[in-house]
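To start, the structure under review is shown below, and the notes come after it.
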Amino acid sequence: MDNNTFSHARFQLAATRRSQWPKESRAEVAFAGRSNVGKSSAINAITGQQNLARTSKTPGRTQQIVFFKLPEGRYLVDLPGYGYARAPTSLRQEWGKFITDYLYHRESLKVLCIPMDIRRPLTPLDLNMLDFCQDIGLHAYILLTKADKFKTGKAKSLYQQVSRELAELPMVSVQLFSAKTGVGVQQAKLALRDFLVENSRQYS
């Protein structure tokens, strides 16, 4: 896989049930996060495609697992946003089951990329997701999005604070990211590409 792997991403399908998941997948990197943290913008920045992942003014609308095909039988996967407070409880629970089923049963999944708004990182929902990843032996790669909202020194300080809080979690990585200014985009590309090539799932 070359350094432009993600630029080759192409929409393949939007799945609403497990039977629709691509069966030939060798490796996948999936994105999941709280609604309105810049997940779609992060995917678009990493792939260099402005409209690959659809952004919405109504967070939490997407209820599908979207598969984007990459070279050599690999995939980038866009999971529904979690924790949209205005959604009915029953619907939020269904989303939770939907995401959990994919995370737990998808053996080709190598890493979960979790965008978090740098102004509000590590919410209880985020921490629950990180704990779940640890329990099932799945690497979590956190993008502290919207880093452009702060000056460089302040952004680095917040990054260090988050890193310290997660220091005891061995399968978690953190970096600064801004889809607007490009901060961290290349770093994310290289890191996620390496997961697709080198890393394996560590089931407990």
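Everything numeric in this text was worked out from a predicted model, so none of it was measured.
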Acceptor/donor pairs from residues 158-170 side chains to any protein atom, 3.5 angstrom cut, sequence neighbours excluded:
residue: Q161; atom: NE2; partner: E165; partner atom: OE2; Å: 3.4
residue: S163; atom: OG; partner: Y159; partner atom: O; Å: 2.9

Identify every side-chain donor-acceptor pair in residues 13-32 under 3.5 Å, counting partners at least two apart or on other chains, and give the distances.
residue: T16; atom: OG1; partner: Q20; partner atom: OE1; Å: 3.3
residue: R17; atom: NE; partner: S19; partner atom: OG; Å: 3.3
residue: R18; atom: NE; partner: D101; partner atom: OD2; Å: 3.4
residue: R18; atom: NH2; partner: D101; partner atom: OD1; Å: 2.8
residue: Q20; atom: OE1; partner: T16; partner atom: N; Å: 2.6
residue: Q20; atom: OE1; partner: R17; partner atom: N; Å: 3.3
residue: K23; atom: NZ; partner: S19; partner atom: O; Å: 3.2
residue: E24; atom: OE2; partner: Y75; partner atom: OH; Å: 2.3
residue: S25; atom: OG; partner: E28; partner atom: OE2; Å: 2.8
residue: S25; atom: OG; partner: S108; partner atom: OG; Å: 3.4
residue: R26; atom: NH1; partner: E72; partner atom: O; Å: 3.2
residue: E28; atom: OE1; partner: Y102; partner atom: OH; Å: 2.5
residue: E28; atom: OE1; partner: R106; partner atom: NE; Å: 3.2
residue: E28; atom: OE2; partner: R106; partner atom: NE; Å: 3.0
residue: E28; atom: OE2; partner: R106; partner atom: NH2; Å: 2.6
residue: E28; atom: OE2; partner: S108; partner atom: OG; Å: 3.4

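Remark: side-chain polar atoms of N44 are paired, donor with acceptor, to backbone N or O of A53 under 3.5 angstrom. Remark: side-chain polar atoms of Q175 are paired, donor with acceptor, to backbone N or O of A188 under 3.5 angstrom.
Remark: S7 pairs with no residue by the side-chain hydrogen bond (donor to acceptor under 3.5 Å, both in side chains) rule, at least two apart or across chains. For D117, the salt bridge (charged side-chain N to carboxylate O under 4.0 Å, His left out) partners at least two apart in sequence or on another chain are R119, R120, K146. Residues that satisfy the side chain to side chain contact (heavy atoms under 4.5 Å, CB included) test with A9, not counting sequence neighbours, are T47, Q49, L52, F68, L70. With sequence neighbours excluded, the residues that form a side chain to side chain contact (heavy atoms under 4.5 Å, CB included) with T123 are R34, L125, D126. Residues that satisfy the side-chain hydrogen bond (donor to acceptor under 3.5 Å, both in side chains) test with T145, not counting sequence neighbours, are absent from this structure.
Using a 4.5 Å cut-off between side-chain heavy atoms of Ile, Leu, Val, Met, Phe, Trp and Tyr, with links allowed through other members, V37 and L130 fall into different hydrophobic clusters.
Proximity of I65 to P80: side-chain heavy atoms (C-beta onward) are separated by under 4.5 Å at one or more points.
Going from atom NZ of K189 over to atom OG1 of T5 covers 10.0 Å, rounded to the nearest 0.5 Å.
The list of salt bridge (Lys or Arg N to Asp or Glu O under 4.0 Å) pairs with a residue in residues 35-53, not counting sequence neighbours, reads K39-D78.
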